[in-house]
Visitor: 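Got a structure here, written out as structure tokens. Questions coming.
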Amino acid sequence: MDGHIDILAIESSCDETAAAVVRDGYTVLSNVIYSQIDMHTVYGGVVPELASRAHIEKINYVIQKALDDAGMQLKDTDAIAVTYGPGLVGALLVGVAEAKAIAWAAKKPLIGVHHIEGHISANYIEHPDLVPPYLGLIVSGGHTHLVIVEDWAKFRILGRTVDDAAGEAFDKVARAIGLGYPGGPKIDKISKEGNPNAVRFTKAKVNGSEYDFSFSGLKSAVLNYLNQAEMKHEEVNRADLAASFQKSVVDVICEHTLKAAKDYGIKNVAVAGGVASNSGLREGLRQMCDANGLRLFIPSPIYCTDNAVMIGAAAFHEYEAGTRSGWDLNAVPGLKLGEK
Ligand code: KG4
Ligand code: ZN
């Protein structure tokens, strides 16, 4: 009760167990992330059952550390926020059950947060001057959306992927060219040594909204390229192939984003999600925005991939709007953007 709103936020929708304390939606008092990546690497991807178990093992520790780092106790917080969807149901349930238990015990309000709303809200941390309306581009492992953020937590969806999400395409292509998991960062790294114009992939046609994306055709094109090279006993330059794939993804994302910004006369563009940490995408969007008089917002890489700070940032605006979840809050694995 010091005039500030301090929110303890919890995130466990996939393979990161995370907790953070965020003050007034903008100031990060603590940010703790326990990544399970090493455990899942052996299997080449996230194993949902293992993810849930690891969340259970680590969640208390992660929350306690977030409070300790912030120099606070549970009783000092103003609300408990938690991601309740979309994500892996077992993984989400761990965070939701934990948040409900501690909010109830400490008599604090509970706020269920949409994971994608969280990703977008990561931008507010380093850019408090970003206010709706603006164009939002969400590129994560499970989602690819181009939206107009009309107001806090009010989204108008312009386009989405009709098949694989951008991060999913990175992960699948990385596996195909033998880079392993997690694919995105590995393709990003090796692309720096490759020629992005070495292999030309044709742009996929999408039947749907002109802002929609399709990445599975591109993934198949990479697989075909590999198969043909193998049949001809030709050696594949993995760096060139990765760089060419990455360029194709960056080009289509920049093209659709620019079109939407022009069509709707929007000058501010905010990017979010794990793929937003891709150096090629950051550079491509930067050039595109500079050349067209748009202002680009991208969180630091640590706030692009899953974390709880972004959940605390989103929860602050929900808190201010009066959103409170009941003790019947449940995990909703298929929660759609804009749904409550
Ligand atoms: O947002 P996120 O942490 O989790 C989801 O909500 O899905 O995104 C994870 C995705 C993974 O597919 C990962 O390969 C991708 O983001 N990713 C990247 C990079 N870092 C993470 N993709 C491309 N380049 C990167 N540097
Ligand atoms: Zn995410």
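As a basis for the values below, the full set of heavy atoms in this structure was taken, side chains included, without hydrogen atoms, waters or symmetry mates. As the structure is a prediction and not an experimental result, all values here were calculated from the model.
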Visitor: Given 3.5 Å as the limit, does a donor-acceptor pair link the side chain of Asn278 with the main chain of Val275, or not?
Guide: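 Answer holds: no.
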
Visitor: Atom CD1 in Ile80, atom CG in Leu110: separation rounded to 0.5 Å?
Guide: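 Here the rounded value is 8.0 Å.
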
Visitor: Set out, in order, the CA-CA distance, both residues' side-chain angles and the distance that settles side-chain contact (heavy atoms from CB on, under 4.5 Å) for Ile10 and Ile102, then state yes or no.
Guide: CA-CA 11 Å; Ile10 300 168; Ile102 61 176; 4.2 Å; yes

Visitor: Quick check: are there more than 12 heavy atoms from other residues, nucleotides or ligands sitting under 6.0 Å from OH of Tyr26?
Guide: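 Correct, the count exceeds 12.
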
Visitor: Check for a donor-acceptor pair, side chain of Thr323 on one end and backbone N or O of Glu318 on the other, with a separation under 3.5 Å.
Guide: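 Checked: pair present.
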
Visitor: How long is the span from the CD atom in Glu255 to the CD1 atom in Ile253, to the nearest 0.5 Å?
Guide: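 Rounded to the nearest 0.5 Å, the CD-CD1 separation comes to 11.5 Å.
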
Visitor: Could you tell me whether the side chain of Tyr43 reaches within less than 4.5 Å of the side chain of Leu50, counting heavy atoms only?
Guide: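 Heavy-atom side-chain distance check passes, below 4.5 Å.
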
Visitor: Do Ser279 and Asp188 pass the side-chain hydrogen bond (donor to acceptor under 3.5 Å, both in side chains) test, and can you show the C-alpha distance, the side-chain angles, and the key distance before you say yes or no?
Guide: CA-CA 7 Å; Ser279 56; Asp188 194 352; 2.5 Å; yes

Visitor: Within the structure provided, determine whether Asp129 and Arg295 are in side-chain contact (heavy-atom separation under 4.5 Å).
Guide: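 Heavy-atom side-chain distance check passes, below 4.5 Å.
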
Visitor: Evaluate whether atom CD of Glu230 has more than 12 neighbouring non-hydrogen atoms of other residues, nucleotides or ligands under 6.0 angstrom away.
Guide: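 No, because the 6.0 Å sphere around CD of Glu230 holds 12 heavy atoms or fewer from other groups.
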
Visitor: Report yes or no: does Thr144 contribute a side-chain atom to a donor-acceptor pair with the main-chain N or O of Thr161 at less than 3.5 Å?
Guide: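 No: the side chain of Thr144 does not pair with the backbone of Thr161.
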
Visitor: Would you kindly confirm whether Leu29 and Val32 end up in one hydrophobic cluster when ILVMFWY residues are joined by side chain heavy atoms under 4.5 Å apart?
Guide: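 No: no chain of side-chain contacts under 4.5 Å links Leu29 to Val32.
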
Visitor: Provide the closest heavy-atom pair for Val309 versus Val22 in the form atom of the first, atom of the second, distance.
Guide: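 Looks like O-CG2, 3.7 Å.
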
Visitor: Any heavy-atom pair between the side chains of Tyr34 and Gln36 that's under 4.5 Å?
Guide: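 Contact flag for Gln36/Tyr34 side chains = yes.
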
Visitor: Please lay out, stage by stage, how Tyr303 and Asn123 fare under the test side-chain contact (heavy atoms from CB on, under 4.5 Å).
Guide: CA-CA 8 Å; Tyr303 297 133; Asn123 281 286; over 6 Å; no

Visitor: Quick check: closest heavy atoms across Lys219 and Asp164, and the distance to 0.1 Å?
Guide: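 Closest approach of Lys219 to Asp164, heavy atoms only: NZ-OD2, 3.2 Å.
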
Visitor: Let's go through Leu296 and Val271 carefully: what are the C-alpha distance in whole Å and the side-chain angles of both, what is the deciding distance for side-chain contact (heavy atoms from CB on, under 4.5 Å) to 0.1 Å, and is it a yes or a no?
Guide: CA-CA 8 Å; Leu296 179 68; Val271 192; 3.7 Å; yes

Visitor: Report yes if some heavy atom in the side chain of Leu329 is under 4.5 Å from a heavy atom in the side chain of Val82; otherwise report no.
Guide: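 Side-chain contact under 4.5 Å: yes.
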
Visitor: With no hydrogens and no angle check, do the side chains of Thr305 and Glu16 hold a donor and an acceptor under 3.5 Å apart?
Guide: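 Absent: no donor and acceptor within the cut-off.
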
Visitor: May I ask you to check whether over 12 heavy atoms, not counting those of Glu234, lie within 6.0 Å of atom CD?
Guide: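 Yes.
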
Visitor: Nearest 0.5 Å please: distance from the CD1 atom of Ile298 over to the OG atom of Ser277.
Guide: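 It comes to 9.5 Å.
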
Visitor: Is any side-chain heavy atom of Pro86 closer than 4.5 Å to one of His143?
Guide: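 Yes, side chains in contact.
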
Visitor: Give the intermediate values and the outcome of side-chain contact (heavy atoms from CB on, under 4.5 Å) for residues Cys254 and Leu285.
Guide: CA-CA 6 Å; Cys254 287; Leu285 285 167; 3.9 Å; yes

Visitor: Test salt bridge (Lys or Arg N to Asp or Glu O under 4.0 Å) on Lys108 and Asp78 and set out the steps.
Guide: CA-CA 6 Å; Lys108 302 289 176 188; Asp78 295 284; over 6 Å; no

Visitor: Short question: side chain of Ser140, backbone of Gly273 - any donor-acceptor pair under 3.5 Å?
Guide: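 The answer is no, because no donor-acceptor pair under 3.5 Å joins these two groups.
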
Visitor: Give me the one residue out of Leu258, Thr257, Asn268, Leu294 that meets side chain to side chain contact (heavy atoms under 4.5 Å, CB included) with Leu135.
Guide: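 Exactly one option meets the side chain to side chain contact (heavy atoms under 4.5 Å, CB included) with Leu135, and it is Thr257.
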
Visitor: Could you give me the CA-CA distance, side-chain angles and deciding distance for Glu57 and Arg53, then say whether salt bridge (Lys or Arg N to Asp or Glu O under 4.0 Å) is met?
Guide: CA-CA 6 Å; Glu57 280 168 20; Arg53 285 166 191 250; over 6 Å; no

Visitor: Do Phe297 and Tyr134 make the cut of ring centroids closer than 6.0 angstrom?
Guide: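 So the answer is no for these two rings.
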
Visitor: Are the ring centres of His317 and Tyr124 closer than 6.0 Å?
Guide: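 So the answer is yes for these two rings.
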
Visitor: Between Tyr225 and Ile187, is there shared hydrophobic-cluster membership here, with clusters defined by ILVMFWY side-chain heavy atoms closer than 4.5 Å?
Guide: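 Tyr225 and Ile187: one cluster.
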
Visitor: Do the side chains of Lys247 and Asp251 get close enough for a salt bridge, i.e. N-O under 4.0 angstrom?
Guide: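 Yes, Lys247 and Asp251 are salt-bridged.
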
Visitor: Within the distance-only criterion (no hydrogens, no angle test), does the side chain of His40 pair as donor or acceptor with the backbone N or O of Val47 below 3.5 angstrom?
Guide: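 Yes, because the side chain of His40 sits within donor-acceptor range (under 3.5 Å) of the backbone of Val47.
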
Visitor: Examine the side chains of Asn224 and Gln228 and answer whether a donor and an acceptor come within less than 3.5 Å of each other.
Guide: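 Distance-only check fails for Asn224 and Gln228.
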
Visitor: Does atom NZ of Lys192 have more than 12 heavy-atom neighbours from other groups under 6.0 Å away?
Guide: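 Check passes, neighbour count above 12.
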
Visitor: Is it possible for you to say whether Tyr319 and Ile311 belong to one hydrophobic cluster, with membership spreading through side-chain heavy-atom contacts below 4.5 Å?
Guide: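 They do share one cluster, since a chain of ILVMFWY contacts under 4.5 Å joins Tyr319 to Ile311.
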
Visitor: Looking only at atom types and distance, does a side-chain atom of Asp151 sit under 3.5 Å from a main-chain N or O of Lys154, one as donor and one as acceptor?
Guide: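 Such a contact is absent between Asp151 side chain and Lys154 backbone.
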
Visitor: Linking I/L/V/M/F/W/Y whenever any side-chain heavy atoms sit under 4.5 Å apart, do Ile7 and Val21 land together?
Guide: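 No, because Ile7 and Val21 fall into different hydrophobic clusters, even though each may have its own neighbours under 4.5 Å.
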
Visitor: For Asp163 and Ser214, work out which heavy atoms get closest and say how close.
Guide: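 Looks like OD2-OG, 2.7 Å.
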
Visitor: Measure centre to centre between the rings of Phe213 and His256, then say whether the value is under 6.0 Å.
Guide: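 Ring-ring flag for Phe213/His256: true, centres closer than 6.0 Å.
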
Visitor: With side-chain hydrogen bond (donor to acceptor under 3.5 Å, both in side chains) as the criterion, how do Thr17 and His55 come out once you've worked through the C-alpha distance, each side chain's angles and the decisive distance to 0.1 Å?
Guide: CA-CA 6 Å; Thr17 320; His55 284 309; 2.9 Å; yes

Visitor: I need the Leu337 CG to His145 NE2 distance, nearest 0.5 Å.
Guide: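 Between Leu337 CG and His145 NE2, I get 5.5 Å after rounding to 0.5 Å.
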
Visitor: Judged by modelled atom types alone, do Asp24 and His4 share a side-chain donor-acceptor pair under 3.5 Å?
Guide: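 Indeed, the side chains of Asp24 and His4 share at least one donor-acceptor pair under 3.5 Å.
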
Visitor: Any side-chain heavy-atom pair from Ile302 and Ile33 closer than 4.5 angstrom?
Guide: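 Yes - at least one pair of side-chain heavy atoms lies under 4.5 Å apart.
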
Visitor: What's the separation between atom CG in Leu137 and atom OH in Tyr211, rounded to the nearest 0.5 Å?
Guide: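 Output value for this atom pair is 14.0 Å.
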
Visitor: Count I, L, V, M, F, W, Y as connected when their side-chain heavy atoms are under 4.5 Å apart, and connections chain through other members. Are Val113 and Val89 then in the same cluster?
Guide: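 In one cluster with Val113: Val89, no.
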
Visitor: Check whether any side-chain heavy atom of Leu92 lies under 4.5 Å from a side-chain heavy atom of Thr83, and answer yes or no.
Guide: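 Yes; the side chains approach each other to less than 4.5 Å.
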
Visitor: Distance alone, cut at 3.5 Å: any donor-acceptor contact between the side chains of Ser13 and Glu11?
Guide: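 A pair is found: one side chain offers a donor N or O, the other an acceptor, under 3.5 Å apart.
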
Visitor: Donor-acceptor check, side chain of Asp240 to backbone of Asn195, threshold 3.5 angstrom: yes or no?
Guide: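 Flag set: sc Asp240 to bb Asn195 pair under 3.5 Å.
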
Visitor: Dump the intermediate steps for ring-ring contact (aromatic ring centres under 6.0 Å, His included) on Phe170 and Phe215, then the final yes or no.
Guide: CA-CA 9 Å; Phe170 269 95; Phe215 294 110; 8.4 Å; no

Visitor: Is there side-chain contact between Lys259 and Glu210, with heavy atoms separated by less than 4.5 Å?
Guide: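 The answer is yes; the side chains approach within 4.5 Å.
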
Visitor: What is the minimum heavy-atom distance between Leu223 and Ala176, and which atoms define it?
Guide: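 For Leu223 and Ala176, the tightest heavy-atom pair comes out as CD2-CB, 3.3 Å.
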
Visitor: Check Ser248 against Phe201 and note the closest heavy-atom contact, atom names and distance.
Guide: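 Residues Ser248 and Phe201, closest heavy atoms: OG-CD1, 3.6 Å.
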
Visitor: Over all heavy atoms of both residues, which pair between Arg282 and Pro301 is shortest? Give the atoms and the distance, please.
Guide: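 For Arg282 versus Pro301, the nearest heavy atoms are NH2-CD, 3.8 Å.
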
Visitor: Between atom CD1 of Ile63 and atom NZ of Lys58, what is the distance when rounded to the nearest 0.5 Å?
Guide: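 Here the interatomic distance stands at 13.5 Å.
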
